[in-house]
Amino acid sequence: MIAVKDRKLALWNIGIAYIAFIIGTFCGLLQVFVRNDSLQLPKFLDYYQILTAHGVLLALIFTAFFIFAFLIAGMSKTLGSFGPKVSLFAWIGLWTTAIGTTMATVMIISGKASVLYTFYAPLKASGWYYLGLALFIIGTWFTSFALLGHFVAWKKKNKGQFSPLFAYMTTATLLLWIIACLGVVATVVFQYLPWAFGLTDTINVELSRSLFWYFGHPLVYFWLLPAYMAWYVVMPKIIGTKVFSDSLARFSFILFILFSFPVGFHHQLTEPGIDSFWKFLQVVLTFMVIIPTLMTAFSMFATFEISGRNKGGTGLFGWLRKLPWKDVRFSSLFIAMLFFIPGGAGGIINASFQLNELVHNTLWVVGHFHITVGTPVAMTFMSVTFWLIPYLTGREFPKHLQKLAHIQIGTWAIGMLLMSTAQHLLGLLGAPRRTAYAGYNGNESAAEWFQGILSNHVTMAIGGTILFFSAMLLVYIVANLMFVAPKVQDENDLVEFPIAESDTSHTAKFLENWGIWVGIAVALIVMAYALPLYDMIQNAPPGSRGFITW
Ligand code: HAS
């Protein structure tokens, strides 16, 4: 059992995450109906306003608060409870992040920041929106440094020992986050804030986008790595085995630190202001990310097979039947992994120079991120929710809630399958993203896109509705686990915090040498970004004034 004060900190983070989840998913529901042309929003609400709220609250706020809750709880569990300084920094982090979130959300709701979660210039939001975002990032840095400080203190006390795998992965994830945020902080502080508060008249659009995507791509791995932590460290314990290979797991996280950053241009392949050489270089580096992903896939299959065979499974696939399918903590993880197969493959398509021409700015990309962050990551967080909240609150996870949890993950999977398949197909046919209902003034060929069995807005709306139902079911389960389910009487009956055993006897010492890895990451960043960014600043076109199109 971790210390009460650490539990409280983690629970506050989870609570805020789920408040963002409720508003964000409701906006998602409204969106699919607007796109379907079957809902007229009231005058005070605009499609782009709810699209911004949906993106910011789910992709940035829900994920970040949930991730920090998981990391806080896991660091306290594996390295021992936090000292007063760590706690203080983590609380300051929580409140700064919460204040930033509130400022940004108020700006979106009051219609002053309908700029979507990517906040591309020259769309211009209120300066308070950017200030809210800046506070949000600063807050996460406080928490990150608190956890890193806890890690360093543990290392000092345990000289020469390998850190527990969970703590090692947390450190890798936080380093990735801190280095990634440098880009978005630079653009917000030096470009957006002076521009939005009227200190400068124009903004260098290409530079702002490039700095955003320098952050935007590692951001997706900031979501993914905590999910991988649950796959590598939590899942083996749930299915009754050990971590397949400690060094493989550590090395795959290191590869993510190296190859997450020098790749942001793959989001900008259609932009004219970047020389194709730099795009080509970053596309090649993007493909390097396949390596740690496939290492993970291999490791997961090996873990499943070892566990299944230990339980008596025979034959080529007999071990599959021995896996604990009735345990919702496992089944949601497994479905999450299944979705990652088409999700990741879609990423490879997006990153391919020529294929990107076909899919960029279409609904395909929306389909892609719903089966990456929206399913593998989100369903892994659901699996974690089912044991982490009762562990922290000291409550049971009663049978009836477990049944509901099965329905919840099943409906999430079905809803996502329908919605994202429709989005992928519609995108391939040409339907644009980032738009409200687009009928192209009744143009015949545009109308044909929407006439397929799966490629139509109705399928998307049905998928979206099922998803909303599932989201509300999840909120019901979360509320019960937080406040209603019976408290366990005996500490031995407490829901388990599953951390699998990991054998470090073959792990190379240099994997713990963070200096080397951060150094190589910085070298790769300089190689991929220094000259193109210099060029964008040195040969900048006249900047753009701001546009408020809503
Ligand atoms: Fe992506 C756009 C490329 C992965 C999220 N991506 C987005 C956006 C988001 C997002 C949110 O190159 C939209 C941004 C916006 O608003 O504009 N993506 C990639 C690539 C990968 C990738 C190369 N994306 C992710 C992940 C995300 C995510 C993960 C969230 C968590 N993405 C792009 C590109 C764009 C893009 C372009 C811009 C498109 C445009 O033009 O706008 C790679 O990381 C993928 C590597 C993965 C694989 C996996 C194949 C899977 C296999 C099995 C794995 C199985 C496992 C478990 C681990 C190669 C082979 C197995 C166990 C079982 C039992 C099944």
Side-chain angles (χ1 to χ4, degrees), residues 51-52 54-56 58-60 63 67 116-120 209 212-213 215-228 230-232 235 239 244 252 255-256 259-260 263-271 279 282-305 307-308 317 319-320 323 330-331 333-381 420 423 427 432-434:
L51 185 57
T52 308
H54 177 68
V56 170
L58 290 180
L60 297 178
T63 50
I67 288 169
L116 311 193
Y117 89 108
T118 41
F119 57 93
Y120 277 171
R209 285 183 183 224
F212 178 84
W213 284 119
F215 156 81
H217 195 73
L219 168 69
V220 314
Y221 297 125
F222 173 68
W223 302 327
L224 186 68
L225 291 190
Y228 271 18
W231 297 7
Y232 274 113
M235 185 275 289
I239 66 173
F244 169 70
S252 79
L255 290 179
F256 274 108
F259 295 114
S260 290
V263 298
F265 285 165
H266 70 222
H267 290 265
Q268 299 172 273
L269 294 177
T270 53
E271 290 179 21
K279 291 179 181 169
Q282 296 211 9
V283 160
V284 172
L285 290 170
T286 301
F287 286 127
M288 298 298 284
V289 175
I290 298 174
I291 299 171
T293 311
L294 293 186
M295 280 163 62
T296 305
F298 172 76
S299 190
M300 294 304 116
F301 279 113
T303 312
F304 295 151
E305 186 172 349
S307 162
F317 292 112
W319 47 270
L320 261 176
L323 295 174
F330 171 72
S331 43
L333 284 185
F334 192 87
I335 302 174
M337 291 175 195
L338 284 187
F339 266 92
F340 196 48
I341 299 174
I348 299 304
I349 291 171
N350 296 347
S352 309
F353 227 155
Q354 293 83 347
L355 292 179
N356 185 267
E357 293 292 315
L358 185 70
V359 298
H360 184 65
N361 270 344
T362 69
L363 270 182
W364 165 283
V365 176
V366 182
H368 165 67
F369 63 68
H370 279 99
I371 54 165
T372 45
V373 63
T375 322
V377 170
M379 282 189 80
T380 302
F381 290 178
S420 72
Q423 287 168 337
R433 70 180 283 208
R434 298 196 179 101

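We count ligands from 1, going down the list as the structure has it; atoms in each ligand are counted the same way. Because the structure is predicted, anything quoted here is derived from the model rather than measured.
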Going by the ring-ring contact (aromatic ring centres under 6.0 Å, His included) test, name the single residue among F256, F215, F259 that passes it with Y221. F256
Could you grab the distance from atom [atom1] of [X] to atom [atom2] of [Y], nearest 0.5 Å is fine?
| X | Y | atom1 | atom2 | value |
| --- | --- | --- | --- | --- |
| F287 | I290 | CZ | CD1 | 6.0 Å |
| M295 | L255 | CE | CG | 5.5 Å |
| L294 | S299 | CG | OG | 12.0 Å |
| L285 | H217 | CG | NE2 | 11.0 Å |
| Y117 | L219 | OH | CG | 7.0 Å |
| M235 | M337 | CE | CE | 4.5 Å |

Are S252 and Y228 linked by a side-chain donor-acceptor pair shorter than 3.5 Å? no
Using distance alone, with no hydrogens and no angle criterion, decide if T296 and W231 have a side-chain donor and acceptor under 3.5 Å apart.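 Distance-only check fails for T296 and W231.
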Please output the side-chain donor-acceptor pairs of residues 339-346 that fall under 3.5 Å, not counting sequence neighbours, one pair per line with the distance.
none

Contacting atoms of ligand 1, where contact means under 4.0 angstrom from a heavy atom of [X]:
| X | result |
| --- | --- |
| V289 | 44 (O) |
| R434 | 17 (O) |
| V377 | 31 (C) |
| F304 | 64 (C) |
| L338 | 65 (C) |
| N356 | 39 (C), 40 (C), 41 (O) |

Among [options], closest by any non-hydrogen atom to [atom]:
| atom | options | value |
| --- | --- | --- |
| atom 35 (C) of ligand 1 | H267, E357, R433 | H267 |
| atom 56 (C) of ligand 1 | A227, A297, G374, A59 | A297 |
| atom 62 (C) of ligand 1 | W231, W223, F301 | F301 |

What protein heavy atom sits nearest [atom], and how far away is it?
| atom | value |
| --- | --- |
| atom 45 (C) of ligand 1 | G344 O, 3.6 Å |
| atom 21 (C) of ligand 1 | Y221 OH, 3.7 Å |
| atom 29 (C) of ligand 1 | F340 CE1, 3.6 Å |
| atom 40 (C) of ligand 1 | H360 ND1, 3.2 Å |
| atom 53 (C) of ligand 1 | I341 CG1, 3.5 Å |
| atom 60 (C) of ligand 1 | L294 CD2, 3.4 Å |
| atom 46 (C) of ligand 1 | T293 OG1, 3.8 Å |
| atom 57 (C) of ligand 1 | M337 CB, 3.7 Å |

Are F259 and ligand 1 in contact, using a heavy-atom cut-off of under 4.0 Å?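 F259 does not count as a contact of ligand 1 under the 4.0 Å cut-off.
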Does at least one non-hydrogen atom of F287 fall below 4.0 angstrom from an atom of ligand 1? no
Looking only at heavy atoms, is any part of [X] under 4.0 Å from ligand 1, and if so is it the side chain, the backbone, or both, or is it neither?
| X | value |
| --- | --- |
| T286 | side chain |
| F222 | neither |
| V373 | both |

Do F244 and F298 have ring centres separated by under 6.0 Å?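 Ring centres of F298 and F244 closer than 6.0 Å.
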For a side-chain hydrogen bond (donor to acceptor under 3.5 Å, both in side chains) check, start with the C-alpha distance between H266 and T286, then their side-chain angles and the critical distance, and finish with the verdict. CA-CA 8 Å; H266 70 222; T286 301; 2.8 Å; yes
Atoms of protein origin (N, O or S) under 2.8 Å from atom 1 (Fe) of ligand 1: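 Result, waters dropped: H368 NE2.
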So does [Y] get a backbone contact from the side chain of [X], meaning a donor-acceptor N/O pair under 3.5 Å?
| X | Y | value |
| --- | --- | --- |
| T380 | A336 | no |
| S307 | I239 | yes |
| Q282 | G264 | yes |

Excluding sequence neighbours, so at least two apart, what forms side-chain contact (heavy atoms from CB on, under 4.5 Å) with E305?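 For E305, the residues satisfying side-chain contact (heavy atoms from CB on, under 4.5 Å) (neighbours in sequence not counted) are R309, W319.
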Donor-acceptor pairs under 3.5 Å, side chain of residues 359-366 to any protein atom, not counting sequence neighbours: which ones?
from : atom 1 : to   : atom 2 : distance (Å)
H360 : NE2    : T270 : OG1    : 3.2
N361 : OD1    : R434 : NH1    : 2.8
T362 : OG1    : V359 : O      : 2.6
T362 : OG1    : W364 : N      : 3.2
W364 : NE1    : N350 : OD1    : 2.7

